[in-house]
Every structure is written in structure tokens, then in C-alpha cells.
Peer 1: 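The structure follows.
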Amino acid sequence: MSAIVPVLEVGGTHVSGASVDTDDWTVTGTPDRVPIDGADGSEQLLDGFARAGSALGAAGSSVWGVAMPDPFDYARGIGHFQGVGKFESLDGVDVRAGLLARLPGEGMVFGNDADAFTLGEWLAGAGRGSDRVMGLTLGTGIGTGWVADGSIIDPGTPPGGRAHRLFVDGAPLEDVVSRRAIRTAYRLSTGAAEPDVAEIAERARAGERAAEATLAHAMQALGRALAPPIRDFAAEVVVVGGSMSASWDLFAPWFAEGAADVRLPAIRLAADPDGAALVGAAYLAVTSSD
């Protein structure tokens with residue numbers, strides 16, 4: 001009989017709750033997506049997280065899988081969100097205890113959101129059939145996960161496997177490649193208001209030079225920063241997800257230019273960009289309790 005695992009994925013502006021069927025590693029039904037405000041107090045945030053999972057009908061014996069962004073103590077289930085501009089009220093808070101007081105279940109396994117995304121795509125998505133998969137998420141920030149033979153590993157570079165700890169041209173990578181950095185660079189170049197990355201990408205497609213230059217600079221920097229770790233990890237495939245991945249066809253040539261000194265593996269868009277982290281969170285919950 002298939003095992004159904006309840007899962008949560010915590011993002012910067014919303015939390016998704018879903019059930020995952022581990023027989024075929026698919027999300028059952030439509031995930032419940034609850035908006036949150038990262039500036040809220042701890043009780044409000046925990047209430048919002050729990051709302052996303054409250055309708056799943058989880059059994060009292062359930063072990064939940066939860067995909068969470070950095071910085072977080074995943075083993076202990078405690079937030080370390082000091083000075084990062086989101087979830088500040090959860091700094092030092094036992095999120096596991098807070099959620100288990102609000103949701104039925106015997107346990108809760110936390111994993112990094114980029115790791116969970118990579119595991120989900122390795123299990124049932126664009127990385128399926130490959131032994132060594134690197135996941136790259138492009139959105140509010142940059143996330144990377146590294147899966148070897150079904151296990152998340154620390155490749156050494158970037159430190160802890162986290163791309164946001166890399167530097168490029170003497171600056172933190174996320175100061176060059178992130179939603180915030182790209183919007184700011186475009187504003188400084190044009191003097192215009194800060195459109196979102198998708199609109200900047202559309203302007204680049206239409207031939208606007210400022211938009212092209214802004215995105216080319218960011219993606220070439222990303223290629224320079226990530227090419228050596230991808231090579232050293234011996235990735236067989238790189239799977240790209242996150243909100244900015246919708247423009248990957250535009251970004252890919254610039255990324256390749258930045259990585260020109262390294263022979264890149266296949267780079268594929270995520271097969272299930274919305275569900276991969278949920279599936280990966282379920283896999284972490286199941287394998288951690290084996």
C-alpha cells in the first residue's frame with residue numbers, strides 16, 4: 001500500500017501544504033497555498049505555516065516533511081533568521097515544536113528548500129536516471145542543491161553547498177544575481193522604476209539594450225561563479241527552477257558565456273517546478289525515519 005506523507009514548503013511570501021504519494025512520488029491533489037508576511041511575529045507565522053497543512057487530514061502518527069529556506073538548524077528545527085530580512089521573529093524559535101503543537105503528527109523532518117527541490121527532480125523530474133544532479137533555483141535569491149546517489153551532499157565549494165556564500169568579482173553572488181540585485185542594476189542603468197525580472201526579460205527580448213546588458217551581466221557572473229563547483233562535483237545534469245527559470249531560454253547563452261572555461265553538463269528546466277520541493281521534502285521525511 002502506498003504511503004502518503006504530509007509536507008510543507010515555506011517560501012518568502014507563501015507556504016504550500018500537500019500530500020505526497022511515495023508509491024510514484026507525486027503530489028496528490030492541488031497544494032494548499034497560504035500567503036504569509038515574513039515580517040509577522042512568530043505566532044502569526046507559525047499559524048500561517050500550520051494553515052497550509054491543516055486541511056490535509058494528516059494522521060496522528062504522521063512524520064511531516066518540511067522544506068525551509070536558510071538560515072535554519074535543520075536537525076533541531078530551530079530558526080536562525082537574524083539579519084536576513086525575513087522571518088526575523090523566528091530567530092531562535094523551535095519551529096518543530098510550534099508546528100507539532102498546531103498539526104497532527106509524531107515528528108517533523110526539515111530540509112533546505114533547494115535540497116528538497118533537487119531531490120524531487122532527481123526522483124521524478126528532469127534529473128531522473130542521473131546519479132549526480134545539481135539543482136539551481138533562481139528567484140528572490142539563489143539556491144543550490146547537490147544530489148549524489150540519492151543523498152544530499154556538501155560539495156565543499158560553495159561552502160555547505162550554498163551558492164549565496166559564493167563571491168564573484170569581489171562581491172557576494174546574491175549582490176549581483178538575485179531578484180533584488182537585477183532590479184536595482186536596471187534602475188541604476190535606466191533611472192526608471194524597478195520592474196520585476198520577468199518584465200526586464202521581456203524588454204530584453206524586445207531588443208532594449210539596457211535590459212540585455214543588465215541580464216547579461218548577472219547571468220555571466222552566475223556562470224563564472226557556478227562553473228567550477230559544477231565541474232568539481234562532476235554533475236551529470238543541472239536542473240533549473242525558481243521564478244526566474246521562466247526566462248532561462250534567454251539567460252542560458254549568457255550563463256554559458258560566463259562558464260566558457262568549463263565543459264557544462266546537460267542543463268534542463270525542472271519538470272515540476274511547483275511540486276519538486278514538496279516531493280523532495282517527503283523523501284527526506286521517509287528516508288530519515290528508515
Side-chain angles (χ1 to χ4, degrees), residues 12 69-71 84-85 112-114 117-118 133-146 154-192 194-205 207-235 237-270 273:
D70 273 331
V84 295
N112 175 266
D113 51 356
F117 164 80
T118 308
V133 179
M134 181 257 199
L136 171 63
T137 58
L138 300 173
T140 303
I142 305 164
T144 46
W146 314 78
D154 177 355
T157 303
R162 305 297 171 226
H164 67 267
R165 296 177 180 168
L166 289 171
F167 283 74
V168 63
D169 301 332
L173 182 58
E174 284 197 344
D175 286 355
V176 181
V177 190
S178 64
R179 177 174 177 265
R180 165 185 54 81
I182 289 171
R183 295 179 72 197
T184 298
Y186 183 77
R187 175 178 57 79
L188 292 175
S189 173
T190 62
E194 296 184 1
D196 218 330
V197 176
E199 185 176 342
I200 297 172
E202 288 308 308
R203 294 181 184 188
R205 292 182 196 280
E208 183 189 293
R209 291 188 178 181
E212 289 179 349
T214 298
L215 295 173
H217 175 72
M219 293 304 142
Q220 287 165 357
L222 185 67
R224 290 199 305 277
L226 289 182
I230 291 170
R231 175 198 62 210
D232 295 345
F233 175 66
V237 61
V238 174
V239 181
V240 183
S243 59
M244 281 198 273
S245 67
S247 302
W248 185 252
D249 63 313
L250 179 67
F251 299 161
W254 294 320
F255 180 85
E257 287 175 14
D261 293 339
V262 171
R263 180 169 181 157
L264 293 172
I267 300 179
R268 302 171 186 162
L269 286 173

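Just so we're clear, the structure is a prediction, and the values are computed from it rather than from any experiment. For this chain, numbers begin at 1 and follow the sequence in order.
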Peer 1: Say you draw a straight line from CD1 of Ile182 to NE2 of His217; how long is it, rounded to the nearest 0.5 Å?
Peer 2: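 If we round to the nearest 0.5 Å, Ile182:CD1 and His217:NE2 are 10.0 Å apart.
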Peer 1: Verify, without hydrogens or angle tests, whether Trp146 (side chain) and Gly161 (backbone) share a donor-acceptor contact under 3.5 angstrom.
Peer 2: yes
Peer 1: Any salt bridge linking Arg231 with Asp261? Criterion: basic side-chain nitrogen under 4.0 Å from a carboxylate oxygen.
Peer 2: no
Peer 1: Can any side-chain N or O of Arg224 pair as donor or acceptor with the backbone N or O of Ala259 at less than 3.5 Å?
Peer 2: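 A pair under 3.5 Å: no.
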Peer 1: Does any N or O in the side chain of Ser189 come within less than 3.5 Å of the main-chain N or O of Ala210, such that one atom is a donor and the other an acceptor?
Peer 2: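 Flag not set: sc Ser189 to bb Ala210 has no pair under 3.5 Å.
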Peer 1: What's the spacing between Leu188 CG and Arg183 CZ if we round to 0.5 Å?
Peer 2: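 Between Leu188 CG and Arg183 CZ, I get 12.5 Å after rounding to 0.5 Å.
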Peer 1: Given Thr118, which of Val238, Asp113, Val133 fulfils the side chain to side chain contact (heavy atoms under 4.5 Å, CB included) condition?
Peer 2: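 That would be Val133.
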Peer 1: Are the side chain of Thr137 and the backbone of Gly143 linked by a donor-acceptor contact shorter than 3.5 Å?
Peer 2: yes
Peer 1: Got Val240 and Phe251 here, is their nearest side-chain heavy-atom distance under 4.5 Å?
Peer 2: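 Not touching, per the 4.5 Å side-chain cut-off.
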Peer 1: Can you measure from CG (Leu226) to CE (Met219) and round to the nearest 0.5 angstrom?
Peer 2: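 Rounded to the nearest 0.5 Å, the CG-CE separation comes to 10.5 Å.
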Peer 1: Please tell me if the side chains of Pro265 and Ile230 come closer than 4.5 Å, counting only heavy atoms from C-beta onward.
Peer 2: yes
Peer 1: Using every non-hydrogen atom in the two residues, find where Leu173 and Ala221 come nearest and quote the distance to one decimal.
Peer 2: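 Closest approach of Leu173 to Ala221: CD1-O, 4.3 Å.
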Peer 1: Do you know which two heavy atoms are closest between Asp154 and Gly156, and how far apart they sit?
Peer 2: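 Reported closest heavy-atom pair: OD1-N, 2.8 Å.
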Peer 1: Hey, are the side chains of Arg203 and Pro195 touching, using non-hydrogen atoms and a 4.5 Å cut-off?
Peer 2: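 When only atoms from C-beta onward are counted, Pro195 and Arg203 do touch, with a gap below 4.5 Å.
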Peer 1: State, to 0.1 Å, how close Ala218 and Val177 come at their nearest heavy-atom pair, and which atoms those are.
Peer 2: O-CG2, 3.1 Å
Peer 1: Would you call Arg205-Glu202 a salt bridge at under 4.0 Å N-O?
Peer 2: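 Yes, charged N to carboxylate O under 4.0 Å.
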Peer 1: So which heavy atom on Ala225 is nearest to which on Pro228, and how close?
Peer 2: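 Shortest heavy-atom separation between Ala225 and Pro228 comes out as O-CD, 3.8 Å.
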Peer 1: Look only at the side chain of Ser245 and the backbone of Trp248, and say whether a donor-acceptor pair between them is shorter than 3.5 Å.
Peer 2: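 Side chain of Ser245 to backbone of Trp248: no pair is present.
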Peer 1: Could you report the tightest heavy-atom contact between Ile142 and Ala163, atom names first, then the distance?
Peer 2: CG2-CB, 3.7 Å
Peer 1: Tell me the closest heavy-atom pair linking Phe117 and Val239, and the distance in Å.
Peer 2: CE2-O, 3.7 Å
Peer 1: Going by heavy atoms in the side chains, are Asp175 and Arg180 under 4.5 Å from each other?
Peer 2: yes
Peer 1: Nearest 0.5 angstrom please: Glu194 CD to Ile200 CD1, how far?
Peer 2: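 These two atoms lie 8.0 Å from each other.
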Peer 1: From Arg162 CZ over to Asp70 CG, what is the distance, rounded to the nearest 0.5 angstrom?
Peer 2: 5.0 Å
Peer 1: Could you give the distance from CD (Glu208) to OH (Tyr186), rounded to the nearest 0.5 Å?
Peer 2: 3.5 Å
Peer 1: Side chain of Asp196, backbone of Ala198: donor and acceptor closer than 3.5 Å?
Peer 2: no
Peer 1: Hey, are the side chains of Leu222 and Leu136 touching, using non-hydrogen atoms and a 4.5 Å cut-off?
Peer 2: yes
